[in-house]
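Comments concern the structure below.
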2 protein chains.
Amino acid sequence: MRQISPYISVDCVLFGYNGSELEVLIVDRTLKDDNSDELIINDRTLTGNHVYEDETIEDAAYRVLFDLTGLDSVFLEQFKTFANPDRLKRPNDQLWLQRTNRNPDARIVTVGFYSLVATDKVKLIWKGRNVNWVPVKEVGELAFDHNEILQEALKTLRLRIKYEPITFELLPEKFTLTQLQNVYEAIWGIELDKRNFRKKIARMKYLITLDEKQTGVAHKPARLYVFSREVYTKTKKELFDFTI
Amino acid sequence: MRQISPYISVDCVLFGYNGSELEVLIVDRTLKDDNSDELIINDRTLTGNHVYEDETIEDAAYRVLFDLTGLDSVFLEQFKTFANPDRLKRPNDQLWLQRTNRNPDARIVTVGFYSLVATDKVKLIWKGRNVNWVPVKEVGELAFDHNEILQEALKTLRLRIKYEPITFELLPEKFTLTQLQNVYEAIWGIELDKRNFRKKIARMKYLITLDEKQTGVAHKPARLYVFSREVYTKTKKELFDFTI
DNA sequence: AATACTTAGTGTTTTTTTTACACTTACGAG
DNA sequence: CTCGTAAGTGTAAAAAAAACACTAAGTATT
């Protein structure tokens, strides 16, 4: 029997992109009263998980993602650890811990990871719970300290895409330049100039133009591109600057 | 009696700058054989500490630094968490844990913090142990997973100084532009052009020129500058770019 | 008093990057 | 066939980056 660590957990901020907005995966947390059928808890969380005693935290985070998405090679990065002694002390959280057979007094350290997936690659299933993509802007109050975790993940993401070519993770394998530009715009919440964006992109040798076009769109079809990790690895400088 | 958390610790990578090289604070770890006076352990570690049950990890890290340096307002930032189940399993580490009355089988999650201080501000004292500034390049093998922790801290530092004005933390309050340039050179391990560096610096309104000069140097004395956090806070853009 | 030594401090030119900005093209829908 | 929609393209001006060498102002040495 594999032992669960009673004091470490991982929380995954799974970012998705649906073609127009940056979204995040949110799980409903509901708890019914034992007697009546009334919901005594009905709120939302990020996806999290326990860590097995013999498991690395990275593996635990991959496990969450695999269970959720069926994907086993998603981008995943640790961004911050949350260990405030009071982080699970709000009434609903205490109640939840009790009813799910955990020690409500334990101090649980959670390591935050964020991941990036193209929303449409994913069919969502998770432990029978209700999971939804929610635009980051429309995420309301979350349980535990999950609003803080989400904000920190977003901060890391906004900075990281300046340096590392990870925006592709949010797109289908073949994508158009407009889609790529939209991803930056969605993450930073700003608008970019199309021509200047393309000039910048043109310098990146690891963006490979395919001999292929969009089909089935009611306008001029766009060219498709792929990201070549091979070219990227070969050509990247030590302190890569991806600033757009 | 304040309870110590048996499974969380903090490790602090304390970077210092001595005027020419980037250094890091290293602690000697020695253990004598009970019978003979022979040293059975004689190696080196970063500075770490336990966390009290009712204490945030940030406070624990500040506590390490205060104990070490007597300073209570050093720059400190969390950078990564290390939780590999095997991280304390090497023979010397196991022995050390036994002899210092800790459970060698426990899985201890450590949260890495890095801090920046001007080496000469600090008089080192720590729990009667021998502590030394060591140039980052000359740090040899460290105990536990501390080499990995140091490398990750360095990676974070190298990136962070592109975005945030934290290099001043490694200098005396009043400093010269050459000193500032040397800090960037020491951290990145590259040489920068003096004139181009100064042109870049001239754009930063929060670097205040003082009406004061170096004294006691056997050459033309340099002007002194201070960093104004007030001006910085007022003028910084959302996505600040400190690239040099 | 003169000279040597050392680091401070400064400007220009060229190249690259950024910014601002508007029209034509290719497809499907009706 | 025409309408609607997003794709795709160039230029000029401004800003930033890169390359590059000499003079100035102190202390130390003789």
Side-chain angles (χ1 to χ4, degrees), chain A residues 17-21 161-163 171-172 174-186 188 190-205 207-226 235 237-244, chain B residues 17-21 161-163 165 171-172 174-186 188 190-205 207-226 235-244:
Chain A
Y17 179 69
N18 60 9
S20 69
E21 282 180 300
I161 62 171
K162 293 189 124 198
Y163 283 114
L171 291 170
K174 301 174 182 182
F175 52 86
T176 70
L177 294 187
T178 301
Q179 289 173 329
L180 185 60
Q181 179 177 339
N182 286 342
V183 169
Y184 283 96
E185 291 178 334
W188 284 332
I190 57 172
E191 298 210 336
L192 299 170
D193 178 89
K194 180 160 63 159
R195 278 181 287 192
N196 294 338
F197 180 82
R198 282 162 188 245
K199 238 177 297 175
K200 184 121 193 173
I201 286 296
R203 274 181 245 135
M204 302 175 176
K205 304 295 186 218
L207 262 193
I208 313 293
T209 316
L210 296 178
D211 215 9
E212 239 180 295
K213 296 190 172 184
Q214 272 182 318
T215 52
V217 289
H219 54 76
K220 180 171 178 177
R223 273 193 224 147
L224 295 176
Y225 291 77
V226 290
T235 60
K237 299 174 229 146
E238 184 65 24
L239 284 168
F240 181 72
D241 192 344
F242 203 80
T243 309
I244 292 222
Chain B
Y17 179 69
N18 62 8
S20 69
E21 281 181 300
I161 61 171
K162 293 189 124 197
Y163 283 115
L171 291 170
K174 300 174 183 181
F175 52 86
T176 70
L177 294 187
T178 301
Q179 289 173 328
L180 185 60
Q181 181 178 339
N182 286 343
V183 169
Y184 283 95
E185 291 178 335
W188 284 331
I190 57 171
E191 297 210 337
L192 299 169
D193 178 87
K194 180 158 66 159
R195 280 179 286 192
N196 293 339
F197 180 83
R198 283 163 188 244
K199 239 177 293 176
K200 184 119 192 173
I201 286 297
R203 273 181 246 136
M204 302 176 175
K205 303 297 184 218
L207 263 193
I208 312 292
T209 316
L210 296 178
D211 213 8
E212 238 179 297
K213 296 188 173 184
Q214 271 183 318
T215 52
V217 287
H219 55 76
K220 178 172 177 177
R223 272 194 224 148
L224 295 175
Y225 291 75
V226 290
T235 59
K236 78 166 168 176
K237 299 174 229 146
E238 185 64 25
L239 282 168
F240 181 73
D241 192 345
F242 203 79
T243 310
I244 292 223

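Computed from a prediction, not measured in an experiment: that's the story for all the values here. Chain naming here is simple, since letters A, B, ... match the order of the sequence lines and numbering starts at 1 in each.
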query: Is the distance from OP1 or OP2 of C:dA8 to the nearest side-chain N or O of B:Thr178 less than 4.0 Å?
result: yes

query: With respect to the side chain of A:Arg223, which nucleotide from D:dG26, C:dA26, D:dG8 is positioned closest?
result: D:dG8

- prompt: In whole Å, what is the span from the CD1 atom of A:Ile190 to the P atom of C:dT18?
  reply: 13 Å

task: Let me know the distance between CG of A:Leu177 and P of D:dG8, rounded to the nearest Å.
output: 7 Å

message: Tell me if the aromatic rings of B:Phe175 and B:Tyr17 count as close, with their centers under 6.0 Å from one another.
response: no

message: Should the side chain of B:Arg195 and the base of D:dA17 be counted as holding a donor-acceptor pair, with the cut-off at 3.5 Å?
response: no

- prompt: What are the two closest heavy atoms between B:Glu212 and B:Lys174, and how far apart are they?
  reply: OE1-NZ, 3.0 Å

query: If you take atom types as modelled and just measure distance, does the side chain of A:Asn196 reach the base of C:dA20 with a donor-acceptor pair under 3.5 Å?
result: yes

- prompt: Quick one: B:Phe197 CZ to D:dC20 C1', roughly how many Å, whole number?
  reply: 18 Å

query: What is the distance from NZ of B:Lys200 to C1' of C:dG9, rounded to the nearest Å?
result: 20 Å

B:Asp193 side-chain proximity, nearest of C:dC27, D:dC20, C:dG9: D:dC20

message: Can you work out whether B:Arg203 or A:Thr176 has the more 5'-proximal nearest nucleotide on DNA chain D?
response: A:Thr176

- prompt: What are the two closest heavy atoms between B:Thr176 and B:Ala222, and how far apart are they?
  reply: CG2-CB, 3.6 Å

message: Tell me if the side-chain of B:Lys220 makes a donor-acceptor pair with the base of C:dG9, cut-off 3.5 Å, by modelled atom types.
response: no

task: Quickly work out the A:Ile201 CD1 to C:dT18 P distance and round it to whole Å.
output: 12 Å

message: With hydrogens left out and only the distance checked, is there a donor-acceptor pair under 3.5 Å joining B:Lys213's side chain and the base of D:dG26?
response: no

task: Using atom NZ of A:Lys194 as one end and atom C1' of D:dG8 as the other, report the distance to the nearest whole Å.
output: 6 Å

Taking every non-hydrogen atom, the tightest pair across A:Lys162 and A:Trp188: CG-CZ2, 3.6 Å

task: From the options C:dA29, C:dA26, D:dG8, select the nucleotide whose nearest atom is closest to the side chain of A:Ala218.
output: C:dA29

query: Within the structure shown, what part of the strands sits under 4.0 Å from B:Arg198 by heavy-atom distance: base, sugar-phosphate, or nothing?
result: base

task: Nearest whole angstrom, please: distance from the P of D:dG8 to the CG of A:Leu192.
output: 17 Å

field: Separation of atom NE2 in A:His219 from atom C1' in D:dA6, rounded to whole Å
entry: 5 Å

N/O donor-acceptor pair, side chain B:Lys199 with base C:dT12, under 3.5 angstrom: yes

- line: Shortest non-hydrogen pair, B:His219 vs B:Gln214, comes out as CE1-OE1, 3.9 Å

